[in-house]
Protein chains: 2
Amino acid sequence: MPEPTKRATLRDVAAGAGVSVAQASFALNGTGRVAPATAERVRRVAAELDYQPDGRARALRTGRRSAYGVVIRNMRNPFFLDVLRGMETVAHRKGALLLIMSSDYDQEREGAALRRLAAEAVAGIAIAPIGRRGRLLEWMDRHTHIPVVAFNCTPEPDREGAASRLSTVGPDDDAAVSLAVAHLAERGHREAALLTAPEALAADWGREESFLRRCAEHGMAGDVVRGPLDHEAVARRSSEMMARPGHRALVVNSDHLSAAVYDAARSRGLRVGRDVSVVGHDDLPTSALLDPGLTTIAVEREALGEQIMDLLVEGPGTAVRLPVRLVERGSVALLA
Amino acid sequence: MPEPTKRATLRDVAAGAGVSVAQASFALNGTGRVAPATAERVRRVAAELDYQPDGRARALRTGRRSAYGVVIRNMRNPFFLDVLRGMETVAHRKGALLLIMSSDYDQEREGAALRRLAAEAVAGIAIAPIGRRGRLLEWMDRHTHIPVVAFNCTPEPDREGAASRLSTVGPDDDAAVSLAVAHLAERGHREAALLTAPEALAADWGREESFLRRCAEHGMAGDVVRGPLDHEAVARRSSEMMARPGHRALVVNSDHLSAAVYDAARSRGLRVGRDVSVVGHDDLPTSALLDPGLTTIAVEREALGEQIMDLLVEGPGTAVRLPVRLVERGSVALLA
DNA sequence: ATCGTGTGATTAAACGATTAATCAGCACTG
DNA sequence: CAGTGCTGATTAATCGTTTAATCACACGAT
């Protein structure tokens, strides 16, 4: 007869051991003064009853919480799974939990996610923000007690107030863009375009600035092309660019999108690595398999995840840039 | 001056509106009897203070919780990200949260994850279990109040007790294996091997049974090969199999592993789709890009995720099998 | 004048933990 | 024997909600 078993509570344990709840609590946490015999007895009863302290109650009372919130932009890009794995490794080590939400590139949803996580009183929030940092900082002003780490976005320049509490971590954007542009220049390119998100959603404006600056340094014509990041939109946009005369070199913000660029080239009868050049970012598993292989900027995703967690528990206001490297495959043409 | 702002509590709201906490609670939840004017006033103050009810406290009092636990086997397989997306869609719709953990193919960790989630008093648990269902059922016996759905595993045959409360959902294993074997038979194969996890970890023994049965039905020699599922181990194992004389046909449990099989073939100077045949499972993005393209069994991963959530909130004890289809590419040879 | 009856509000008891404040013995000291 | 200190235990407050149980009061009907 499966009568609905309620979870064992501390009171049950205490009763079973013939002792007060306080003493039971002390015994299990090893915090108060409790006779060895009693402690042992309490532990035995607890084990017997399969007692697990109620996380909610404990968190409510102590104020400490061992859950962290993660807000990502969307759940399509496999990039994130690796980052998540890194985070999970650290979280598991500290016995913490991960609450995962997606903002889905929607400011409204991002705000709702933050509110929700605050309501759950998480110990910290890791977020891949969308758009400018204004709203996030404003939110942080209202929740000064909860640490926030922004990842995969351009760090705010040194500032007062909330901004000083916001840690930032991600691939070294400037290095990444430099590698890409230098590689293109080396192979004879005279112009390049950076394919990125629309102004309102872009969180990595630093990349754009670096891109234009590096292009200028190499005497190349640089162009920033904005638009939605779904497959069709990217394909359409890059197709339009390929329509223009001359050789095109596209630097794409994520490998995840370069499939769309390849598609566009194919449907125009152009060959990537000869008629068009593409440089990606992230070095996803698919990138090596494309034909030709995608030349891309690699970053240690799992390490990124671990770094995020470390920053979350450690100290506020740091900006960590992870090293990147160029993985050369066949998607960049060698021009005369 | 950034004095540490504590979150606004219901008491603050009540005080601000000059009313008791009870009345404030009633007003915000629209539950008790409260004068329209008062309600309005409370709401205004709440908005002004950016009040968010504390999830922990509320959950503690009401017993209801709006967080669900997810335990996956590991965080390497991109299969999971899509499932997670499906789950997140539903969760977001119901305003629920997702707590994600990985068992990492470790029974101990799986148990710990379950305990931890129970301690957080989640509203339900979705788990991709490892190994036989015994421990899980035993655990469910001790936690009869929390619904569990197991995914990507063979359903238990009709049973009494906990088993009757355990919902199961996943790709239709029998159909999947049937498609694979039939396809191989069609293309002239006389024997095939199923590459799968070691006995102790395999959660989908139904697949193996189906495999052997279907092979027999087609007059083929069927073989089940077990071992660890990391890249090297799979490569080694398949390499050994390829050493044997005759044509080998490998049915792999996950596309994620077939890269290893391709590697093994390459290092033996064999060509997949001619000297060896491979059928995968899941139809991951990488599968279409392999050379030759991987013939595989496809399932709607996002739909799977949604289905999981639906089962979690809905009813216990159902076994849902999702439709699968064969995606034919070039990895199966056409034999004489 | 009395008795409901409704309305709008308050009080107080949970929920399951942690923890500060006490307390009852008991032994030891001056 | 009063005073002190130590040990092992208990009591009760608290965290932020929800909600059952009351309460005060005005209004209409008997």
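In what follows, chains carry the letters A, B, and so on, assigned in the order in which the sequence lines appear, proteins first and then strands, with residues in each chain numbered from 1.
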Write down the protein N/O and nucleotide N/O pairs, taken from nucleotides 13-17 of chain D, whose separation is under 3.5 Å; answer none if there are no such pairs.
unit_1 : atom_1 : unit_2 : atom_2 : d
D/dT14 : O2     : A/R61  : NH1    : 2.7
D/dC15 : O2     : A/R61  : N      : 3.4
D/dG16 : N2     : B/A57  : O      : 3.4
D/dT17 : OP1    : B/Y51  : OH     : 3.1
D/dT17 : OP1    : B/D54  : N      : 3.2
D/dT17 : OP2    : B/T9   : OG1    : 3.0
D/dT17 : OP2    : B/L10  : N      : 2.6
D/dT17 : O5'    : B/Y51  : OH     : 3.0

### Separation of B/L81 CG from A/L81 CG (nearest 0.5 Å)
5.0 Å
### Message
Could you tell me how far apart A/R41 (CZ) and D/dG8 (P) are, to the nearest whole angstrom?
### Response
13 Å
### Message
Does a side-chain N or O of B/Q23 approach OP1 or OP2 of C/dA9 to a distance below 4.0 Å, or not?
### Response
yes
### Message
Looking only at the side chain of B/S20 (C-beta and beyond, no hydrogens), which of the listed nucleotides D/dT19, C/dT10, D/dA9 gets closest?
### Response
C/dT10
### Query
Above 12 or not: heavy atoms from other molecules or residues under 6.0 Å from CD of A/E300?
no
### Message
Please determine whether a side-chain nitrogen or oxygen atom of B/T38 lies at a distance below 4.0 Å from atom OP1 or OP2 of C/dG8.
### Response
no
### Query
Taking the nucleotide of DNA chain C with the closest heavy atom to each, which residue, A/F26 or B/G18, is nearer the 5' end?
B/G18
### Message
At 4.0 Å (heavy atoms only), tell me whether B/T31 reaches a base, stays on the sugar-phosphate, or touches nothing.
### Response
nothing
### Query
Short question: side chain of A/S103, backbone of A/I72 - any donor-acceptor pair under 3.5 Å?
yes
### Task
Return the angle between end axes of the helix from C/dA1-D/dT30 to C/dG30-D/dC1, with five pairs used per end and rounding to 10°.
80°
### Check: B/D54 side chain, B/R56 main-chain N or O, donor-acceptor pair, under 3.5 Å
yes
### Task
Using a strict cut-off of less than 4.0 Å between a Lys/Arg side-chain nitrogen and an Asp/Glu carboxylate oxygen, indicate whether A/E40 and A/R43 qualify as a salt bridge.
yes
### Query
Are B/R115 and B/W139 in a cation-pi contact, defined as NZ or CZ under 6.0 Å from the six-membered ring centre and within 45° of the axis?
no
### Task
Remember a base hit wins even if backbone is also touched, and classify A/A22 as base, sugar-phosphate or nothing at under 4.0 Å, heavy atoms.
base
List every contact pair, protein side and nucleotides 22-28 of chain D side both N or O, where the distance is under 3.5 Å.
none

### Query
Is the closest side-chain heavy-atom distance between B/F26 and B/R33 below 4.5 Å?
no
